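Here's the structure we're looking at; comments come further down.
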Amino acid sequence: MQPTSFGLSRRSFLASGAALGFAGAARAADTIKPNAKAALIVTDVQNCFVDGGTLPVKGGADIVPIINKLAPAFLNIVITQDWHTPGHVSFASAHPGKKPFETTQLPYGTQVLWPDHCIQGSEDAAVLKDLKLPKAELIIRKGYHTHTDSYSAFMEADGKTVTGLSGYFKERGIDTLFLTGLATDFCVAWSAVDARKFGFTTYVIEDATRAIDLNGSLAAAWKQMTDAGVKRIQSSTTLGSMSAGRRMRRASSSMGCWWSRTGGSPTSERTKAWPDGTRACRSRRSATG
Ligand code: VGL
Ligand code: ZN
């Protein structure tokens, strides 16, 4: 097995410069606030990928409380599920003489062979019941073609067959994606790199992911992601590491009052909050000095 056998290099990537800017997210000091054009993707947080499952990722269940805490900050949430047929081509058991974590050559390239996992309709393939994502709008399943794997939520491993997820986001005006889930170096990484390829501003929330790390795959995946313009952030960046009070004081010291920007009067507008809801000014005096 080679470290890069998961094959992120099979496609060319957009220049990283295109990832600059914060469309879909309002930037304030050291936080990024997701807006209506942003979506949270919760990747493969399934029983198969946690302790007791068929392909457990170390510490996989630890990300559940982090994702549960992130979710309320998002207007749009999409869940993905690895969803294989019995006898799927990515299973070592489908290749006589092969063992899990070895590789084989398939028409589309090198395939890592896995234990049988995430079989359609099984309890093993179910999303973790502790995830609290009542707002999730879409569950997208992948890896359901017997002869083709799909780590990516956007495109199968043949590099040709799309899942439709890019179209879903584009039709809904979503341009910025925040990825979480399992595993950092496989499904999260491939999805993140494809998200860039399809033109999305893409963040991976590192502490809301866990890795398989097979022969250096984690380091290789981060290199592929950063080269593709994926931004690596922590959940504190999205949730805000500052207290609400400190955030408000910082906003007050750096901006004029709502009415001073809009031409309204302090008396009639004194109870008015900022359009983003962060602040109301008590008097014109407090706004100017
Ligand atoms: C995954 C290996 C095999 C993943 C899925 O979700 O990262 N990894 N199938
Ligand atoms: Zn799989």
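In each ligand, atom 1 is the first atom listed, and ligand 1 is the first ligand listed. What you see is a predicted model; the values in this text were computed from it and never measured.
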Just going by heavy-atom distances, which of Trp83, Trp114, Phe186 is nearest to atom 2 (C) of ligand 1?
->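 That would be Trp114.
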
Would [X] count as being in polar contact with ligand 1, using the rule that some N or O on each side must be under 3.5 angstrom apart?
| X | answer |
| --- | --- |
| Asp149 | no |
| His117 | yes |
| Phe49 | no |
| Asp82 | yes |
| Val188 | no |

Element-labelled atoms of ligand 1 that are located less than 4.0 Å from some non-hydrogen atom of [X]:
| X | result |
| --- | --- |
| Asp44 | 4 (C), 6 (O) |
| Ala183 | 4 (C), 6 (O), 7 (O) |
| Leu182 | 4 (C), 6 (O), 7 (O) |

Looking only at protein heavy atoms, identify the closest one to atom 1 (C) of ligand 1 and say how far it is in Å.
->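 Of the protein heavy atoms, Cys187 SG, 3.3 Å lies nearest.
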
I'd like to check [X] versus [Y] (side-chain heavy atoms, cut-off strictly below 4.5 Å). Are they in contact?
| X | Y | value |
| --- | --- | --- |
| Thr43 | Phe186 | no |
| Thr209 | Ile63 | no |
| Cys118 | Phe49 | yes |
| Gln105 | Thr110 | yes |
| Leu214 | Ser217 | yes |

How far does CG of Leu177 sit from NZ of Lys37, to the nearest 0.5 angstrom?
->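 Here the interatomic distance stands at 12.5 Å.
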
The Zn ion (ligand 2) to nearest N/O/S of [X] less than 2.8 Å:
| X | value |
| --- | --- |
| His84 | yes |
| His88 | no |
| Asp82 | yes |

Give a yes or no on whether the backbone of Phe74 and the side-chain of Lys135 come within a donor-acceptor separation of less than 3.5 Å.
->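 The answer is yes, because a donor-acceptor pair under 3.5 Å joins these two groups.
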
For Asp194 and Lys197, indicate whether the former's side chain and the latter's backbone hold a donor-acceptor pair under 3.5 Å.
->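 It does not hold such a pair.
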
Could you tell me whether ligand 1 has any atom less than 4.0 Å away from a heavy atom of Trp190?
->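 Distance cut 4.0 Å: Trp190 fails for ligand 1.
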
Looking at ligand 1, does Gln46 have a heavy atom less than 4.0 Å from it?
->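 Flag not set, Gln46 not near ligand 1.
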
Would you kindly specify which portion of Val57 sits under 4.0 Å from ligand 1, judged on non-hydrogen atoms: side chain, backbone, both or neither?
->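 For Val57, there is no contact with ligand 1 at all, from either part.
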
Kindly indicate, with the supporting measurements, whether the criterion side chain to side chain donor-acceptor pair (under 3.5 Å) is fulfilled by Asp44 and Thr80.
-> CA-CA 5 Å; Asp44 297 6; Thr80 77; 2.6 Å; yes

When you measure from the centre of the six-membered ring of Tyr151, is the NZ or CZ of Lys142 under 6.0 Å away and within 45° of the axis?
->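 No, Lys142 does not sit over the ring of Tyr151.
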
